[in-house]
Amino acid sequence: MTFKIIKVDEISPALGAEISNIDLGSALDSETVKEIRDALLRYRVIFFRDQDITPEKHLKFAKYFGDIVEYPMVNGLKDFPHVVPVHKKADEQYNFGGLWHSDTSYLPKPPMGAILVARILPAKGGDTLFANMVKAYEALSAPMKELLDGLIATNSSAKSDVVKSRVDSQKDMRSPPEPLIAEHPIVRRHPETGEKSLYVNFGHTVNICGMKDEESLPLLDFLFSHQRKEEFCCRFHWLPGSIAFWDNRATLHYPLNDYQGHERLMHRVTLAGDVPV
């Protein structure tokens with residue numbers, strides 16, 4: 001794959017690339033949009049540096065890649081409800097979503113991806129880890145792949161560890177009347193590339209349908225441990241003007257909570273996805 005308009009620099013053998021030679025605050029032509037999408041599909045998560053975009057331009061950029069949806073339970077900005085602030089204040093202990101997860105896999109149609117813009121950063125810390133779930137699937141043994149193909153897992157918004165990560169954000173959230181729950185294949189096929197990937201995650205997956213807990217939980221624990229191995233991961237260090245755009249269908253991510261006593265504010269826009277198959 002060659003890129004004629006954007007400049008692409010891989011940051012890890014597993015996934016991730018920095019994209020330069022582009023101003024995301026300006027209008028983009030169809031060829032530039034195609035190259036950015038191609039880079040996303042190839043590298044799973046792409047990063048941009050030294051960008052200065054307003055919430056309005058953040059939304060305009062996201063719309064090149066699909067329909068925008070609200071993030072469940074979290075209030076957006078007053079003037080831009082689809083731009084969600086991910087805010088950890090200096091006196092708060094927990095960071096929102098602070099564990100390995102795939103975004104909102106408890107929805108019938110989890111998002112295709114998300115675009116995160118750095119607004120306020122701690123002087124040190126606050127990096128985000130990403131993991132490639134296509135590589136994680138491909139690294140499994142043939143018997144394990146055969147076992148997993150066709151299995152369905154239950155995902156919930158109310159798993160205890162992820163609920164704990166929302167403790168300091170409760171005042172900014174809309175609480176659903178009951179947990180959000182969805183069942184999805186443990187191995188899903190990417191709707192654009194056709195690749196298979198692992199589609200379970202520590203944050204939301206609670207059991208495997210049709211299995212007893214004593215059968216299901218050890219298998220899930222193995223998969224949770226397997227999918228965050230270093231050889232599947234990259235680490236992104238945020239700087240002012242940084243933007244991350246990840247393919248939620250084929251990655252996990254984990255925002256590190258290593259900046260106690262300091263503020264961190266990000267703005268997030270979420271792109272509509274489809275039913276995992």
Side-chain angles (χ1 to χ4, degrees), residues 44-45 66-76 81-82 84-86 94-116 128-131 133 136-137 148 150-170 172-191 196-211 213 216-217 219-228 246-255 266 268-277:
R44 321 292 180 193
V45 55
D67 295 330
I68 295 173
V69 292
E70 289 188 357
Y71 194 86
M73 297 180 280
V74 185
N75 293 313
H82 287 98
V84 172
V86 182
Y94 298 98
N95 63 333
F96 184 77
L99 71 177
W100 279 109
H101 68 284
S102 173
D103 287 329
T104 62
S105 59
Y106 47 76
L107 296 178
K109 292 183 178 181
M112 164 267 190
I115 301 172
L116 198 65
T128 302
L129 307 181
F130 294 87
M133 292 301 98
Y137 173 76
L148 297 178
L151 291 180
I152 304 295
T154 302
N155 298 270
S156 171
S157 65
K159 194 172 179 181
S160 60
D161 291 282
V162 78
V163 169
K164 185 178 180 181
S165 81
R166 302 179 189 133
V167 166
D168 286 326
S169 304
Q170 293 296 329
D172 299 319
M173 297 178 65
R174 307 186 305 272
S175 296
E178 56 188 31
L180 302 171
I181 296 174
E183 295 180 352
H184 296 304
I186 287 179
V187 178
R188 72 175 293 183
R189 190 174 291 277
H190 197 287
K196 288 185 174 182
S197 66
L198 275 180
Y199 196 63
V200 295
N201 69 94
F202 177 75
H204 304 307
T205 307
V206 293
N207 61 34
I208 299 173
C209 299
M211 284 190 177
D213 283 348
S216 171
L217 298 182
L219 181 52
L220 287 176
D221 285 343
F222 162 74
L223 294 176
F224 297 153
S225 177
H226 170 76
Q227 62 190 179
R228 60 176 183 258
W246 63 90
D247 187 337
N248 191 58
R249 302 163 296 188
T251 61
L252 301 182
H253 59 281
Y254 173 29
M266 320 294 274
R268 173 199 170 103
V269 171
T270 305
L271 293 163
D274 51 13
V275 177
V277 295

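Starting from 1, each residue takes its place in the sequence as its number. Everything numeric in this text was worked out from a predicted model, so none of it was measured.
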About how many Å separate CD of E70 and NE2 of H82, when rounded to the nearest 0.5 Å? 4.5 Å
Please state whether the rings of W246 and F130 are parallel, tilted or perpendicular, taking 30° and 60° as the class boundaries. tilted
With heavy-atom distances below 4.5 Å as the criterion, would you say the side chains of H253 and V45 are in contact? no
Locate the shortest heavy-atom distance separating P72 from L180; write the atom from each residue and the value. CB-CD1, 4.3 Å
Closest heavy-atom pair, S105 versus A182, reported as atoms and distance to 0.1 Å, is O-CB, 4.0 Å
With under 30° as parallel and over 60° as perpendicular, where do the rings of H184 and Y199 fit, or are they tilted in between? perpendicular
Look up atom OG1 in T251 and atom CZ in R44, then write down how far apart they are to the nearest 0.5 Å. 9.0 Å
Can you name the nearest heavy-atom pair linking V206 to S156, along with the distance? CG1-CB, 4.1 Å
Considering all heavy atoms, the nearest V74-F96 contact: CG2-CZ, 3.7 Å
With side chains defined as the heavy atoms from C-beta onward, is the minimum distance between L198 and L148 less than 4.5 Å? yes
Approximate separation, where rounding is to 0.5 Å, of L116 CG and M266 CE: 4.5 Å
Backbone N/O of M133 and side chain of S197: donor-acceptor pair under 3.5 Å: no
Would you say that V200 contacts Q227 through its side chain, given a criterion of any heavy-atom pair below 4.5 Å between the two side chains? yes
Between the side chain of D67 and the main-chain N/O of A272, is any donor-acceptor distance below 3.5 Å? no
Non-hydrogen atoms of P185 and P276 that approach each other most closely: CD-O, 3.6 Å
For the CE atom of M73 and the OG1 atom of T104, what is their distance to the nearest 0.5 Å? 8.5 Å
Is there a side-chain contact between L271 and P111 in this structure, where contact means two heavy atoms from C-beta onward sitting under 4.5 Å apart? no
Value for NE2 (H101) from CG (N155), rounded to nearest 0.5 Å, stands at 12.5 Å
How long is the gap from CE on M112 to CG on N248, to the nearest 0.5 Å? 9.5 Å
Consider side-chain hydrogen bond (donor to acceptor under 3.5 Å, both in side chains). Of H204, R249, R268, which one does D103 pass it with? R268
Is there a side chain to side chain contact (heavy atoms under 4.5 Å, CB included) between I186 and L223 once you walk through the steps? CA-CA 10 Å; I186 287 179; L223 294 176; 4.3 Å; yes
For side chain to side chain contact (heavy atoms under 4.5 Å, CB included), just list the numbers for D247 and H190, CA-CA rounded to whole Å, side-chain angles, deciding distance to a tenth of an Å, and then say yes or no. CA-CA 10 Å; D247 187 337; H190 197 287; 2.7 Å; yes
Is the backbone N or O of V69 less than 3.5 Å from a side-chain atom of T270, with the two atoms forming a donor-acceptor pair by type? no
Backbone of N201 reached by a side-chain donor or acceptor of T205 within 3.5 Å: yes
